[in-house]
Amino acid sequence: MPVGTISSSPDTVGVCVVNYAVPICETQEDVYKNCERLCKTVDGLKRGYPGLDLVIFPEYSTQGLHPTKWRDFTTTLDGKEVQMFKDACMRNGVYGIFSLTGEEHPEGLNPYNTLIMITDQGEVNLVYRKMFPWTPVEPWTAGHETAVAVGPKGLIVGGTICYDCNLPEIVRDIVFKGAELVVRIQGYMYPAKQQQIDVAKVRAWENNTYFAVSNLAGRDLVYSYFGHSNIIGFDGVTLAECGTAPDEATYAELSLSAIRNARRNWTAENHLYNLVHRGYTSEPRGHSACPFDFYKTWVHQPQEAARLSEALTRDADSPADCKYEDVKVMAPSRLALETLHPQGALPLAKGVAASNGKHDEAKGFPAGKEELAVIGNGHTIAA
């Protein structure tokens, strides 16, 4: 794919991603002022990138995520914020993807974390509600289905939000609904920068799809966000990427014919065909049945799938409530014990083995000694 251009053509879709400066909204009026800023950003980007067809803003770029007031800024799909975005898209002749945190839940539950795409005619044609809220912090009610829609120039667009894409299944599902561009709006903070940059490339490559990420940058009342909004080709190669500064933007053009040609004609790299035509070089058309036991279980016995997950990890939402025995803490070295307690040792927290003498082969403890506790800087090593 060509890089470095600010243009587009009938065969290419001009896409812009933005390291939007994380907003800190204390009042509803702050939210509306920030929406005005978002709309002015659309105006400026279209002026600077004349080929622009689709602009993408990060998760939390509309209302932010206030640690205590987040519920106060709940809106709807026909709220004032959305109308402002519609006006900006229409006057600039572009599609736009925006974040709503949160969208009012019809049954009065916690709001949804929602992605919307607005057309150049000012219509909302894609609504996706985050399926995997970032636990244990985010308060949003989980959505239950993926979504795709027709984007500019006929490009098929699917939406994801932040933590969603740490789970490979969601992108695969979106692509098998026809998506050619998977959008990930995120409010990802340090220290997970490298993992999230890498995830975008992997999801693009394993699904033969374009992948575009818009991330926040700067600091709010809680977190520091690392930016690095990026656009990835369907071959997993980065086409454009921002740095860490707030309000950086970057741009790339995505060829419609190139991705459609690859999906039709690639062989060894065609993961979408090969997934359900296993071994076709030996047996024509290969095997299409799902070979993965966990996925079979998840579809037909979801409670058993949950049990398997809990057997692998824990049996409660909070690690503190888990009934499984925790991992034992290894004791410090004999040298550390001798240095800290040359005159003797203190009783250890249960289950922590020491190593300052001969060891009882059965227990791993010093022969004839009690278990030892080491206290340094006011902290006890716990079992």
Side-chain angles (χ1 to χ4, degrees), residues 1-5 12-20 54-59 97 115 128 130-132 134 146 148 151 155-217 225-245 248-256 258-263 265-275:
M1 293 294 299
V3 295
T5 182
T12 60
V13 176
V15 176
C16 178
V17 292
V18 184
N19 274 6
Y20 194 73
L54 172 64
V55 58
I56 304 167
F57 289 100
E59 179 189 34
I97 289 180
L115 172 156
Y128 166 70
K130 190 173 186 178
M131 293 173 63
F132 295 95
W134 186 58
T146 57
V148 301
L155 180 72
I156 310 302
V157 179
T160 67
I161 303 176
C162 203
Y163 182 80
D164 282 339
C165 287
N166 289 302
L167 306 174
E169 292 84 0
I170 190 169
V171 178
R172 184 58 52 83
D173 190 73
I174 289 169
V175 166
F176 270 92
K177 289 182 175 180
E180 298 165 316
L181 167 64
V182 175
V183 170
R184 183 191 196 189
I185 64 171
Q186 65 185 44
Y188 239 119
M189 68 295 291
Y190 292 100
K193 181 177 81 168
Q194 193 58 55
Q195 292 92 330
Q196 301 314 317
I197 293 171
D198 292 344
V199 159
K201 300 174 186 178
V202 172
R203 295 289 170 265
W205 170 243
E206 68 190 3
N207 290 287
N208 304 134
T209 187
Y210 293 117
F211 203 88
V213 179
S214 272
N215 192 29
L216 295 173
Y225 302 88
F226 56 77
H228 278 273
S229 300
N230 56 60
I231 303 170
I232 312 297
F234 56 82
D235 55 359
V237 174
T238 302
L239 301 176
E241 184 172 344
C242 294
T244 60
E248 283 188 58
T250 193
Y251 176 92
E253 59 173 344
L254 310 182
S255 169
L256 297 164
I259 188 171
R260 292 169 186 174
N261 172 71
R263 287 181 173 181
N265 291 305
W266 280 10
T267 53
E269 309 84 5
N270 197 328
H271 314 305
L272 304 180
Y273 187 86
N274 297 342
L275 177 67

[X] versus [Y], closest heavy-atom pair with distance:
{"X": "Arg203", "Y": "Phe211", "value": "CB-CE1, 3.7 Å"}
{"X": "Glu206", "Y": "Pro168", "value": "OE2-CB, 4.0 Å"}
{"X": "Val171", "Y": "Cys165", "value": "CG2-SG, 3.9 Å"}
{"X": "Arg263", "Y": "Leu272", "value": "NE-CD1, 3.8 Å"}

Hey, does [Y] have a side-chain heavy atom less than 4.5 Å from the side chain of [X]?
{"X": "Leu275", "Y": "Phe176", "value": "yes"}
{"X": "Ile97", "Y": "Val157", "value": "yes"}
{"X": "Leu254", "Y": "Ile231", "value": "yes"}
{"X": "Val17", "Y": "Thr250", "value": "yes"}

Under 3.5 Å donor-acceptor, [X] side chain and [Y] backbone:
{"X": "Tyr210", "Y": "Ser255", "value": "yes"}
{"X": "Thr238", "Y": "Ile232", "value": "no"}
{"X": "Glu59", "Y": "Ile161", "value": "no"}
{"X": "Asn19", "Y": "Ala245", "value": "yes"}
{"X": "Ser214", "Y": "Ser229", "value": "no"}

Using a 6.0 Å cut-off, check whether atom OH of Tyr251 has over 12 heavy atoms from anything other than its own residue.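 Correct, the count exceeds 12.
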Between Trp205 and Trp266, what is the ring plane arrangement, given parallel below 30°, perpendicular above 60°, and tilted in between?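 Tilted, since the angle between the ring planes falls between 30° and 60°.
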Between CG on residue Asp164 and CH2 on residue Trp134, distance to nearest 0.5 Å: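 One finds 14.0 Å between CG of Asp164 and CH2 of Trp134.
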